[in-house]
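So the structure is just underneath, and the comments pick up after that.
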Amino acid sequence: MRLLETHAIGASLERMDGRLKVMGTAPYAFEQRVERPAYLHAVQSAIARGRIRAIDTSAAERLAGVIAVITPRTAPRLACESNRELWVLQSDEIHFRGQFIAVVVAESLETARQAADLVRVEYDAAAHDVRFHAERTDLYAPKVVNPDYPTDTDEGDAAAAFGAAEVKVDATYSTPMEHNQPMEPHSTIALWDADRLTLYDSTQSAHSVRTTVAAMLGLPPGQVRVVSPYVGGGFGSKGEAHAHNILAALAALRVPGRAVKLALTRQQMFTLAGHRTPTIQRFRLGAHRDGRLTAIIHEVIEQTSRFKEFAEQTATPTRIMYAAANRRTSHRLAALDVPKPSWMRAPGETPGMFAGEVAMDELAVACGLDPIELRVRNEPERDPQSGKPWGNRHLVECLREGARRFGWSARDPRPLPRAEGSWLFGLGVASSTYPRYVLLGSRATIRLENDGRYAVQIGAADLGTGTWTTLTQVAADALECPVAAVRLEIGTTDQPNATVAGGSSGISSWGWAIVAAARELRRLHGVRPSPGAEASAETPKPPDDATFAQHSFGAQFAEVRVNRETGEVRVSRMLGVFSVGRIINPRLARSQLIGGMTMGLSMALHEESVMDERLGHIVNHDLAGYHIATNADAANLDAVWLDEVDDRSTPMGSRGIGEIGIVGAAAAIANAVYHATGRRVRDLPITPDKLMT
Ligand code: MOS
């Protein structure tokens, strides 16, 4: 099903929206022009569990410029109770610290914020519990893990095989709570016109925000319009509607015909936009002396909120990575008085592959094997989980190509301190993987306009990833026309339904709908259609998925320097080699992959949300306290890919690249730190204190 070659796919086009963004004229959600907007600022709970006893809004209401103060006692009722995260201002009950408990509508942002401070709240506090640790007696097994994987898997007799193994690794790894922190905070402008609602929203999925918000408000989806052409990052945190969307829609009811604007503050984003669960992961690997695995046991503990479950699929990559006859994986949850965890770039794979790929490094040391050779010896012929043959598994090629480019053969295999002045020096490697997801439910419409250009419509999102450009390339390729002959229309619910920009599924799912629509146009109107010709098609069920296991793979290489006196870790070089199918646009692909690797570096060395258990509060809730890698950290990163076209995965030959760049990056760095220092850090982030004590 390979498409005819054109220049459109594979061209390193510059971002089509780049000029608008650089000039500051691409309207992000909060910047959309509306007449005489009112502004919102929320009041948040100061306790983590209990009830509101009394709420006094009189001082706030007296402030000049305040239009309304809305509380659970005065808020309009929502139609649907099923999603407790979105059930805002409907009850006096408090589920986590920082929950929305009131909102001020005012003539200016400053007035709204000042008035919110004047709202007096009395609570009946209950004892809260935010303590995440492995010895909890109330850990439970969720029914499935995100989005619908089995919670546990069990093949053979892993415990017995581990017990009998010649070489064993038995170690516990932990990753902290992390917060996505896209540059653009979550923002919504809400405007009612009679019983129709418009949301200018910062989202990875205009249509799913529409569906969710409409259900909460009891409206038919057609009465909610969501507009989101430009988004300043999301990393999963904008993958679904959050409470602020509902808050804005409710508040706007108080000023009919007038728009209200709401942007979360940076501090609020540590409470109200999701987070990556902390994990505690026990890994047991049993192997023959030659490194061949006989047993793999991966047991994960993570957290969820008590009021709504989110179960991360942390152990799922372990199910497919390496061959062993005896394998067991499990997930257990601690339900705590915390906000609901959510998606953060490669949820599951990112923390799970940190633990698994450090454990493999420990096994390589235990067997006296090169870590690449260990992985090669455990390469499975088929997907160990499904038993299906691989659609395209090229992990070994990635490892070998990376070793060649990175200068791996010069590496002294001994994990001994080796110094250059006061800096110790080491190299590490880790594997990477991410599933190839195609989501069903997207539709594309193509129409030939009178000016001779094709209007290609699909409600897809560009959260900074490059969708405006790459979907144009996909359409031009499918229509066999120049890129300039395509006018792409994305980012709103005015266009046909599109699934979320998540799970690295965007281009695969939307692109497939566009290719199908282009074929339908040909079928109906021939290769030389006349203006007015139109066709529409949905993403089909991928025909090869029943037969093949479809995943991407990669190899991450890191070189670190660790300061003997201070414990500071610098990543001096990093290389990712990825097998991700055909690359639509090398310039933008490289940016996605390097972005993922940078986020992995950030995870390895910096990111950690610190919970004050007495209050249930994230104490480092700003970008001064919550460290994210900067340019100075990401000095010398490179990403390359194997030259491949994966016709089994999508008609474009591509497989999705938004997330694989982060997977394995932190493990490669941790393994390099071990190689440099002989110190095995199993708990992220690798801060200086962990190397100095
Ligand atoms: Mo991604 S965390 O699936 O948006």
Side-chain angles (χ1 to χ4, degrees), residues 144-149 175 177-186 201-209 212 228 231-242 269 273-279 302 310-314 316-317 339-354 432-442 459-467 470 490-491 498-510 550-552 580 589 591-593 595-600 602-603 607 609 628 654-666:
V144 292
V145 293
N146 177 62
D148 54 8
Y149 290 104
T175 60
M177 185 191 226
E178 295 164 3
H179 282 86
N180 310 48
Q181 301 305 336
M183 210 183 296
E184 179 206 25
H186 294 53
D201 193 35
S202 175
T203 178
Q204 294 169 226
S205 180
H207 282 92
S208 79
V209 168
T212 306
S228 185
V231 181
F235 311 113
S237 69
K238 294 174 183 168
E240 57 188 347
H242 288 295
M269 290 186 57
H275 65 267
R276 196 197 292 282
T277 176
T279 69
E302 55 191 67
F310 178 83
E312 205 197 59
Q313 69 274 40
T314 313
T316 53
K340 195 196 80 165
S342 184
W343 302 314
M344 182 160 159
R345 207 171 197 164
E349 279 76 17
T350 299
M353 288 287 280
F354 165 70
S432 180
T433 190
Y434 198 78
R436 187 292 260 121
Y437 290 116
V438 171
L439 303 182
L440 302 184
S442 292
D462 187 334
L463 61 151
T465 47
T467 310
T470 47
I490 63 169
T499 49
V500 63
S504 302
S505 69
I507 294 301
S508 300
S509 312
W510 311 321
Q550 312 266 35
H551 300 260
S552 287
V580 286
S591 162
Q592 280 296 292
L593 294 168
M597 291 165 65
T598 305
M599 207 163 164
S602 194
M603 176 197 196
E607 292 190 41
S609 304
I628 292 175
S654 61
R655 270 203 304 272
I657 53 170
E659 282 156 288
I660 192 168
I662 191 175
V663 180

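Indexing begins at 1, ligand by ligand and atom by atom, following the structure's order. We're numbering straight along the sequence, starting at 1.
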So the atoms of ligand 1 within less than 4.0 Å of a heavy atom of Phe235 turn out to be 2 (S)
Is any side-chain N of the basic residue among Glu240 and Lys340 closer than 4.0 Å to the acidic one's carboxylate O? yes
Candidates Gln204, Arg345, Lys238; heavy atom nearest atom 4 (O) of ligand 1 found on Gln204
Any side-chain donor near an acceptor of the partner, His551 and Thr433, under 3.5 Å = no
Atoms of ligand 1 under 4.0 Å from any heavy atom of Pro347, numbered from 1 in the order shown, are 2 (S)
Between Ala665 and Gly600, the two heavy atoms sitting closest are CB-CA, 3.8 Å
Checking heavy atoms under 4.0 Å, the part of Ala501 that sits near ligand 1 is backbone
Here the atoms of ligand 1 under 4.0 Å from any heavy atom belonging to Glu659 are 1 (Mo), 2 (S), 3 (O)
Residues passing the ring-ring contact (aromatic ring centres under 6.0 Å, His included) test with Tyr149, sequence neighbours excluded, are none
* Examine the side chains of Asn146 and Glu312 and answer whether a donor and an acceptor come within less than 3.5 Å of each other. => no
Among non-hydrogen protein atoms, atom 3 (O) of ligand 1 lies closest to Gly503 N, 2.6 Å
